[in-house]
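Step one of this worksheet: look at the structure below.
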Amino acid sequence: ERRLISPVVERLDESNNMDDPNVLEAFIAWGVKKYPAKNYAMVFWDHGGQWQGFGGDTQDGTTHSPGLSTAQIRAAIDNTKAATQVEKWAFLSFDTCLMGGLEVLYDFDPLTDVFIACPELDYGDGWNYEVLEVLRQTPTITPLEFGKAEVDSWRTHHSVGEADIKLAAHSLYDL
């Protein structure tokens with residue numbers, strides 16, 4: 001059993017509908033303003049559907065929308081450029097199924113040079129977020145080097161279950 005051992009910095013209201021592009025845009029602007037850094041990255045976690053989009057946010061067991069299209073996500077990120085001064089993200093990633101296809105890459109190419117996603121169904125646990133420790137231990141790591149570490153971590157994390165062994169696919173894209 002794993003436990004979160006870091007202190008809670010802040011709790012956000014879970015009633016926010018993250019499938020609303022305006023909420024996503026506000027969240028990005030808030031995060032960059034609240035936590036200034038030299039580099040920024042973003043990992044989207046939920047359900048992926050390639051060209052059909054991402055998300056399907058639920059609160060209290062109720063689905064509020066079918067999710068966000070990749071164009072809506074790109075627009076939300078683009079719309080924050082003036083407020084955040086973030087021209088390119090160190091990396092963007094989807095911890096979901098099916099978001100590593102060519103039609104998805106097209107929408108994110110202008111926003112980042114490093115994209116990490118699964119082009120197939122992900123039957124396992126998704127990202128092993130302990131890989132973020134690599135960023136703390138090696139602050140000068142390049143986004144591409146981190147992407148390689150994440151893909152290696154993902155492969156190791158998905159090496160036990162039969163479905164993972166047969167169907168595992170997780171990719172790093174140097175856009």
Side-chain angles (χ1 to χ4, degrees), residues 12 14-33 35 37 39-59 62-129 131-132 135 142-151 153-155 157-158 164 167-175:
L12 300 178
E14 291 191 35
S15 67
N16 288 315
N17 179 3
M18 290 302 287
D19 282 337
D20 178 335
N22 295 318
V23 172
L24 175 59
E25 188 176 319
F27 176 76
I28 293 168
W30 167 84
V32 170
K33 181 179 179 186
Y35 300 99
N39 295 293
Y40 292 93
M42 197 164 3
V43 179
F44 292 88
W45 178 91
D46 203 347
H47 298 287
Q50 282 182 322
W51 69 91
Q52 296 174 337
F54 155 84
D57 199 33
T58 61
Q59 285 102 13
T62 306
T63 300
H64 292 281
S65 76
L68 294 168
S69 70
T70 54
Q72 287 174 307
I73 296 169
R74 183 192 66 232
I77 296 170
D78 270 339
N79 291 343
T80 65
K81 282 184 179 179
T84 64
Q85 302 299 303
V86 177
E87 288 296 317
K88 283 252 186 176
W89 290 74
F91 69 84
L92 294 173
S93 180
F94 283 87
D95 183 2
T96 67
C97 298
L98 301 172
M99 295 304 285
L102 180 61
E103 64 283 352
V104 175
L105 299 176
Y106 178 80
D107 274 329
F108 294 101
D109 178 56
L111 304 173
T112 187
D113 292 327
V114 178
F115 190 81
I116 308 165
C118 180
E120 297 291 340
L121 296 177
D122 180 356
Y123 289 96
D125 296 328
W127 268 53
N128 175 1
Y129 286 91
V131 72
L132 296 175
L135 295 174
T142 68
L144 198 55
E145 290 169 332
F146 172 76
K148 290 175 184 177
E150 193 286 323
V151 169
S153 169
W154 192 94
R155 189 173 297 116
H157 190 58
H158 289 75
D164 276 338
L167 304 169
H170 195 63
S171 300
L172 167 65
Y173 301 91
D174 182 353
L175 301 179

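Quick note: numbers below take in every heavy atom, side chains included, and nothing from hydrogens, waters or symmetry partners. In this text, all values refer to a predicted model and were calculated from it rather than measured experimentally. This chain uses plain numbering: 1 for the first residue, then up along the sequence.
Scanning for side-chain hydrogen bond (donor to acceptor under 3.5 Å, both in side chains) contacts around Glu103 gives Gln50, with sequence neighbours left out. Residues forming a side-chain contact (heavy atoms from CB on, under 4.5 Å) with Ala71 (at least two apart in sequence, or on another chain): Ser69, Arg74, Asp107. Contacts of Lys33 classified as salt bridge (Lys or Arg N to Asp or Glu O under 4.0 Å), with partners at least two apart in sequence or in another chain: none. Taking the side-chain hydrogen bond (donor to acceptor under 3.5 Å, both in side chains) definition, one finds that His158 meets it with Asp122, sequence neighbours left out. Applying the side-chain hydrogen bond (donor to acceptor under 3.5 Å, both in side chains) rule to Glu120 yields no partners; only residues at least two apart in sequence or on another chain are considered. Contacts of Asp78 classified as salt bridge (Lys or Arg N to Asp or Glu O under 4.0 Å), with partners at least two apart in sequence or in another chain: Lys81. Qualifying ring pair (Phe, Tyr, Trp, His ring centres under 6.0 Å) partners for Phe44, counting only residues two or more places apart in sequence or in other chains: Phe54, Phe94. Legend: residues meeting side-chain contact (heavy atoms from CB on, under 4.5 Å) with Leu121, ordered by chain and number and at least two apart, are Cys97, Leu98, Tyr123. Checked against side-chain contact (heavy atoms from CB on, under 4.5 Å), Phe27 has the following partners two or more places apart in sequence or in another chain: Leu12, Met18, Trp30. With sequence neighbours excluded, the residues forming a side-chain hydrogen bond (donor to acceptor under 3.5 Å, both in side chains) with Ser93 are Trp127, listed by chain and number. Applying the ring pair (Phe, Tyr, Trp, His ring centres under 6.0 Å) test to Tyr106 and every residue at least two apart in sequence or in another chain returns nothing.
Across all non-hydrogen atoms, the minimal contact from Val151 to His170 is CG1-O, 3.8 Å. In this structure, Leu68 and Asp19 approach most closely via the heavy-atom pair CD2-O, 2.9 Å. Nearest heavy-atom pair, Phe146 versus Val131, reported as atom, atom and distance to 0.1 Å: CE1-O, 3.6 Å. Among all heavy-atom pairs drawn from Pro21 and Ala76, the shortest one is O-CB, 3.8 Å. Considering every non-hydrogen atom in both Cys118 and Ala169, the closest pair reads SG-O, 2.8 Å.
Atom CE of Met99 is separated from atom CG of Leu105 by 9.5 Å, given to the nearest 0.5 angstrom. To the nearest 0.5 angstrom, Ile73 atom CD1 is 7.0 Å from Leu24 atom CG. In this structure, Gln72 CD and Asp20 CG are separated by 9.0 Å, a value rounded to the nearest 0.5 Å. We find the CD1-OH distance between Ile116 and Tyr173 to be 11.0 Å, quoted to the nearest 0.5 Å. In this structure, the separation between CD on Glu150 and CD on Glu145 is 15.0 Å, given to the nearest 0.5 Å. Atoms OG1 and CG, from Thr84 and Asn79 in turn, are 10.5 Å apart once rounded to the nearest 0.5 Å.
A donor-acceptor contact shorter than 3.5 Å is absent between the side chain of Thr112 and the backbone of Phe115.
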Anything under 3.5 Å between a donor and an acceptor, one on a side chain of residues 85-92, the other on a protein residue two or more places apart or in another chain? List them.
from: Gln85; atom 1: NE2; to: Ala82; atom 2: O; distance (Å): 2.6
from: Lys88; atom 1: NZ; to: Asp113; atom 2: OD1; distance (Å): 2.9

